[in-house]
Amino acid sequence: MMLDREYDPKDIEQRWYETWLERKYFHAGDDGTAPGYAIVIPPPNVTGVLHMGHALNNTLQDIMIRYKRMDGYEALWMPGTDHAGIATQNVVEKYLAEKGKSRHDLGREAFIDEVWRWRDKHGGLIITQLKRLGASCDWDRTRFTMDEGLSHAVKKVFITLYNDGLIYRSDYIVNWCPRCHSALSDLEVEHEEADGFLWHIRYPLADGTGEVVVATTRPETMLGDTAVAVNPADERYASMLGKELVLPVMNRRIPVIADAVVDREFGTGAVKVTPAHDLNDYEMGLRHGLEVIVIIDESGNMNENAGPYQGMDRFECRKRLEEDLQEQGFLVGKTPYRVPVGTCYRCRTTIEPHLSKQWFVKTRPLAEEAIRAVADGRTRIIPKQWEKVYYEWMNNIRDWCISRQIWWGHRIPAWYCDGCGEVMVSETEPTQCSKCASADLRQETDVLDTWFSSGLWPFSTMGWPEQTPTLKRFYPTDVLITGFDILFFWVARMMMLGLKFMGDVPFRDVYLHALVRDEQGQKMSKSKGNIVDPIVEMDKYGADAFRFALTAFAAMGRDVRISDKRIQGYRFFINKIWNAGKFVLSNIEGFDPQGAVPDPSKLGLAEKWILTELNRAVAQTRKALEEYRFNDAADVLYQFTWHTFCDWYIELSKSVLSTGEGNQTRWVLHHVLRSILELMHPIIPFVTEEIWQRLPGRDGESIVKARYPSVNPELDFPGDDELMGYIIEVISGVRSIRGETGISPGVLLDVVIRVDDQKLRGLLQANSVHIRDLARTRQVGFIADEAERPRKCALAVRKGLEVYVPLEGVIDIDKELDRLAKQMGKVAKELEEKRRKLSNPNFVAKAKKEVVDEQVRIREALEFELASLQKAHALLKA
RNA sequence: AGGCACGUAGCUCAGGGGGAGAGCACCACCUUGACGCGGUGGGGGUCCAGGGUUCAAAUCCCUGCGUGCCUACCA
């Protein structure tokens, strides 16, 4: 059957994906003898819409899974989505707001029902989009972090950690988002710098003997000040230590204290201390037994402790307070200042340090084991540079705040007794207090940080805490492929929890890929309007072109810059493959490759050459994939397919095919095409399947299940490979003359080649048909002697061969003389450099012998080339 | 403030101690029976700057400049 003129991805992609699903090719079984290979997907948010980061991430995973599946492994790609607490709650709240409702109108249970309804309706979008990309996940196993099974795992882990003393509840200054009304972990805060001011405020001494001027970026917090601190060694303030100041506006008395954390150089060297609204100040407060006065509530408004400012928004308060201070003469001045601000990574609201009771995981003991696991190589981090970052973070890890004051998520399985205050942690709801037997119990309203449940992903998705056959076969997983941006959020937590609960690392390798940026290297964002939408790209160019582009740009450890144009470029490549397929198929119609396996020793030169090149490409591709050098794999395949197979071998094959002979050529065309398709299938699954299905005599029902090509030593001919190199050089030499002298491709030329080596001459002569066809020549002559050198010729020197094209009457002699002169100049320059190097006695004495030999060889080649050009020049001039 | 990358052709980037590479763009030629989403040929670079190591540096080491990112409780 003939293929269409151009490759049209749309129908083909959909048709094959459905077929693959129907035939359950992506299913990985729990039993069997094949070795297991597993990857768990970084679960996208249920609210997610496929973006470039997902596309890159999942393309790379799919490449590894498809490669290993073809290479004889039982390959499991475990899919699923994340409930994404805050993000999802935000989305649903926004949706409710459109209907004029808030979550408080509904109440907790109804709201959660609403979220589930939302998920059931919209949560499948990202999965559909992953399928569009061609992801070969085992969809029957799809998990969700709020599934019953996973929720059970979460409870089990929480309770175990609690009982082991690794979870505790404590007062602490946490990062508080006044909009989300929830604590955030340190990682969920984004740090930025913003334009602000440094205010200088006068605090008079109570005894009227003087004053202290403090510097602050947040004047409104002074309402909660309970001390002013100075450095103990600061003699400027030595006499004031222990004295009391009068807090302006509030007229409270606060002490002057000494603490080593105060930097004498900054501001005035005196710091106002607000234990309730700053982490440093809180810790200082603990050291000095200071009172803690909360003045800002959970919504970011001033509370009853803020005196006249009660009820104001924190920023409004700042403004009013400044006016009051000014009026009352306490404001010394304000200067512009770059202030660090933390913002909520979900909603961009400015974070408010907030004192509250939260749940924490004691991370140090867990981190120690996680550090060891990387140090002793149980888990490899690739590229290696990230190991350092991992150690750095793990070594300085702080306790992990895991409670969130939102509704959507895993509710913390803790109950408080209203009778005696006892805290009970258990899997099921207790009926009475374990201490005082009171029945007045309240469940904790907080839910867990989303990353708590995703931290269990590698084993919770496989059925833990049950000892399932899936775990047995697939845990630890082989590689985790993810972006470096969630190294701490997710990878580090999986390491800690996997080691703790499975007793083994969650994955053998972690491959961290870069971020996808636009072509200027900027982060993609809606506000910049530089978003490249994967779905749009796939609609335009097809999933294969899109995937190949991502793969080709995924150089290790570097950002992936992508643009519409680059994807278009690879669409041309897909079309090239399509056309190569079309050519081969149309030439092997009715041909039975299995009945025509040729005797390797009887293969023609071009056949031996392309088979040898194929082996090289196979070896390089496999090696690149094993080492996660995806761009190298793409590059090798691109080069081999287009410039080796299409540009040379297919062209070479045409003359043989036209003679009506050529069954071995047909066999080789078929063999190489099939190998190319199979080699590339993991990267571009659709077009390869479509062509593969039309191959005659294929074994197997789908390329998905085909064997990944291996190097074939029986079809490897290194010597002939080299001979073909001469022929290629001669052909491109003739073409070069033709191009540069403006001889039309239609004009058939005569070519004379001077080869001194007799054996080589014989071999070239025997294969001169290739030169005739591809260089478009009438006659190919060979000479052995300098004396026979023809006159009035254009010359190209390649690989120690002189290639003459007689040109009398064909071209302009003067132009040719110029051309030769120009080349001589180039060669002479190179030669001079080479001679200088070789005349350096230190070089000859100290460099490795192979290097010197190589340089000598190059020098000789250059000398030969220069001499040839000079003589040709002289003869032409004569 | 510390850390990690990166500065190579007009653009986007590979490479990584011994003759400067790819894709795109550019120029010329080509209606060759797979493909003009094609073919052939060609032009184009003090490999950021300065110093060091070396027989030899785009490549390794320092310094500087520039860019990007990550981490951090300086009010």
Side-chain angles (χ1 to χ4, degrees), chain A residues 3 5-7 173 186 191 198 214-218 221 229 261-263 265-268 270-274 278-284 337 339-340 353 385-386 388-389 392-393 396 484-485 487-488 514-515 517 519-523 541 545 552-553 555 557-559 561-563 565-566 568-587 631-632 635 638-639 646-647 650-651 654 658 732 735-746 774 776 830-831 833-834 837 840-848 850-852 854-855 857-859 861-862:
Chain A
L3 279 70
R5 184 173 174 79
E6 282 176 19
Y7 176 62
I173 297 272
D186 293 330
H191 298 274
L198 192 60
V214 299
T216 179
T217 55
R218 297 200 56 199
T221 61
V261 300
V262 180
D263 177 358
E265 307 303 316
F266 188 88
T268 59
V271 193
K272 55 190 274 320
V273 183
T274 321
D278 183 279
L279 180 59
N280 265 326
D281 293 4
Y282 180 72
E283 285 170 351
M284 220 188 295
Y337 190 70
V339 291
Q385 71 212 50
W386 289 107
K388 233 172 155 176
V389 182
E392 185 68 20
W393 192 73
N396 298 305
F484 65 77
D485 51 327
L487 177 60
F488 307 137
L515 257 44
R517 299 174 187 280
E519 54 185 336
Q520 267 86 44
Q522 301 206 292
K523 249 184 182 169
Y541 306 119
F553 283 110
R558 306 254 328 212
D559 289 341
R561 298 190 185 193
I562 205 88
S563 69
K565 225 172 101 190
R566 291 177 190 197
Q568 188 186 7
Y570 286 106
R571 139 80 173 286
F572 298 158
F573 177 54
I574 302 299
N575 193 53
K576 186 75 179 179
I577 297 168
W578 180 254
N579 276 293
K582 210 162 72 179
F583 174 83
V584 173
L585 288 173
S586 67
N587 278 288
N631 63 316
D632 287 343
D635 199 50
Y638 183 95
Q639 208 62 31
C646 291
D647 288 351
I650 284 187
E651 293 308 318
K654 285 178 181 172
S658 67
S732 64
R735 285 171 172 171
S736 176
I737 289 170
R738 202 189 274 275
E740 289 198 59
T741 55
I743 303 169
S744 147
L774 295 202
R776 297 185 63 80
E830 271 185 61
L831 182 58
E833 216 167 288
K834 206 51 47 182
K837 187 169 204 169
N840 179 348
N842 276 326
F843 170 67
V844 182
K846 294 192 182 176
K848 271 190 262 175
E850 305 91 81
V851 173
V852 178
E854 173 72 1
Q855 297 300 309
R857 196 190 60 70
I858 295 167
R859 188 197 62 201
L862 288 169

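Sequence lines set the chain letters: A, B, ... in the order given, protein chains first and strands last, and positions in each chain run from 1.
- Nucleic acid contact class of A:Val389 (heavy atoms, under 4.0 Å, all strands): none.
- A straight line from CG of A:Asp281 to P of B:rA75 spans 11 Å, rounded to a whole angstrom.
- Residue-level contact check: A:Glu740 touches the backbone only, with heavy atoms under 4.0 Å from sugar-phosphate atoms and none from bases.
- For the pair A:Ile173 and A:Pro353, the minimum side-chain heavy-atom distance is below 4.5 Å.
- Pairing for B:rG38 goes to B:rC30, judged as Watson-Crick or G-U wobble with the two contacts each under 3.5 Å.
- Among the atoms of the strands shown, only primed sugar atoms or phosphate atoms (P, OP1, OP2) are found under 4.0 Å from some heavy atom of A:Arg735.
- A distance of about 49 Å separates the P atoms of B:rC73 and B:rC55, rounded to the whole Å.
- No side-chain N or O of A:Lys576 forms a donor-acceptor pair with one of A:Asn579 less than 3.5 Å apart.
- Here B:rG42 presents its C1' atom at 16 Å from CZ of A:Arg738, a figure rounded to the nearest Å.
- A:Leu831 and A:Leu862 make their closest contact through CD1-CB, 3.7 Å (heavy atoms, listed as atom of the first residue, atom of the second, distance).
- Residues A:Gln385 and A:Lys388 fail the side-chain proximity criterion, which asks for heavy atoms closer than 4.5 Å.
- Between the P atoms of B:rG16 and B:rA5, the separation comes to 16 Å (whole Å).
- Using a 4.5 Å cut-off on side-chain heavy atoms (C-beta onward), A:Asp281 and A:Lys272 make no contact.
- Of all heavy-atom pairs spanning A:Arg776 and A:Pro745, the tightest one is NE-O, 2.9 Å.
- Neither OP1 nor OP2 of B:rA22 sits under 4.0 Å from any side-chain N or O of A:Gln639.
- Across all strands shown, B:rC6 is found opposite B:rG66 as a Watson-Crick or G-U wobble partner, with both distances under 3.5 Å.
- Across the protein-nucleic acid pair, A:Arg218 atom CZ and B:rC73 atom P stand 15 Å apart, rounded to whole Å.
- Base pairing analysis places B:rU59 opposite nothing; no Watson-Crick or G-U wobble pair with both distances below 3.5 Å involves it.
- Remark: B:rA72 base-pairs with no nucleotide in the shown strands. Criterion, Watson-Crick or G-U wobble with two distances under 3.5 Å.
- Here A:Pro340 lies in heavy-atom contact (under 4.0 Å) with sugar-phosphate atoms only.
- Taking atom C1' in both B:rU54 and B:rC65, one finds a spacing of 26 Å when rounded to whole Å.
- One C1' atom belongs to B:rU12, the other to B:rA25, and the distance between them is 11 Å to the nearest Å.
- Protein atom CD of A:Glu850 is 15 Å distant from nucleotide atom P of B:rG19, rounded to whole Å.
- Nearer to the 5' terminus of RNA chain B, by closest-nucleotide assignment, is the contact made by A:Lys837 (compared with the other of A:Ile737 and A:Lys837).
- Within 4.0 Å (heavy atoms only), A:Leu862 reaches at least one base atom of the nucleic acid.
- Spacing of C1' atoms, B:rG41 relative to B:rA34, comes out at 22 Å, to the nearest Å.
- Atom CD in A:Glu283 sits roughly 12 Å away from atom P in B:rC74 (whole-Å rounding).
- Across all strands shown, A:Asn840 has heavy atoms under 4.0 Å from sugar-phosphate atoms exclusively, and none from any base.
- Atom-to-atom, CZ of A:Phe266 to P of B:rA75 comes out at 5 Å; the value is rounded to the nearest Å.
- Of the nucleotides present, none pairs with B:rG19 by Watson-Crick or G-U wobble criteria with both distances under 3.5 Å.
- Contact annotation: A:Tyr337 side-chain N/O to B:rA75 OP1/OP2 distance is under 4.0 Å.
- Side-chain contact between A:Tyr570 and A:Tyr541: absent, with no pair of heavy atoms (C-beta onward) separated by less than 4.5 Å.
- Looking only at side-chain heavy atoms (C-beta outward), A:Ile577 and A:Tyr7 stay at 4.5 Å or farther from each other.
- A distance of about 26 Å separates the P atoms of B:rC35 and B:rG42, rounded to the whole Å.
- Rounded to a whole Å, the CD atom of A:Gln855 is 10 Å from the P atom of B:rG18.
- At the phosphate of B:rU40, neither OP1 nor OP2 sits under 4.0 Å from any side-chain N or O atom of A:Ser736.
- One P atom belongs to B:rG17, the other to B:rU32, and the distance between them is 46 Å to the nearest Å.
- Side-chain contact between A:Leu487 and A:Val389 is present, with at least one heavy-atom pair separated by less than 4.5 Å.
- Taking both residues in full, the closest heavy atoms of A:Asp647 and A:Glu651 are given as O-CG, 3.2 Å, listed atom of the first, atom of the second, then distance.
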For this session: Would you give a per-nucleotide map of nucleotides 24-35 of chain B, 5' to 3', where B means the base has a protein non-hydrogen atom under 4.0 Å away, S means only the sugar-phosphate does, and - means neither?
Result: S----SS---BB

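- Note on A:Tyr541: nothing from the nucleic acid sits closer than 4.0 angstrom, heavy atoms only.
- Toward the 5' end of RNA chain B, the nearer of the two residues A:Asp263 and A:Phe573, judged by each one's closest nucleotide, is A:Phe573.
- B:rA56 and B:rA14 have their C1' atoms separated by 24 Å, with the value rounded to a whole Å.
- A straight line from NZ of A:Lys846 to P of B:rA56 spans 8 Å, rounded to a whole angstrom.
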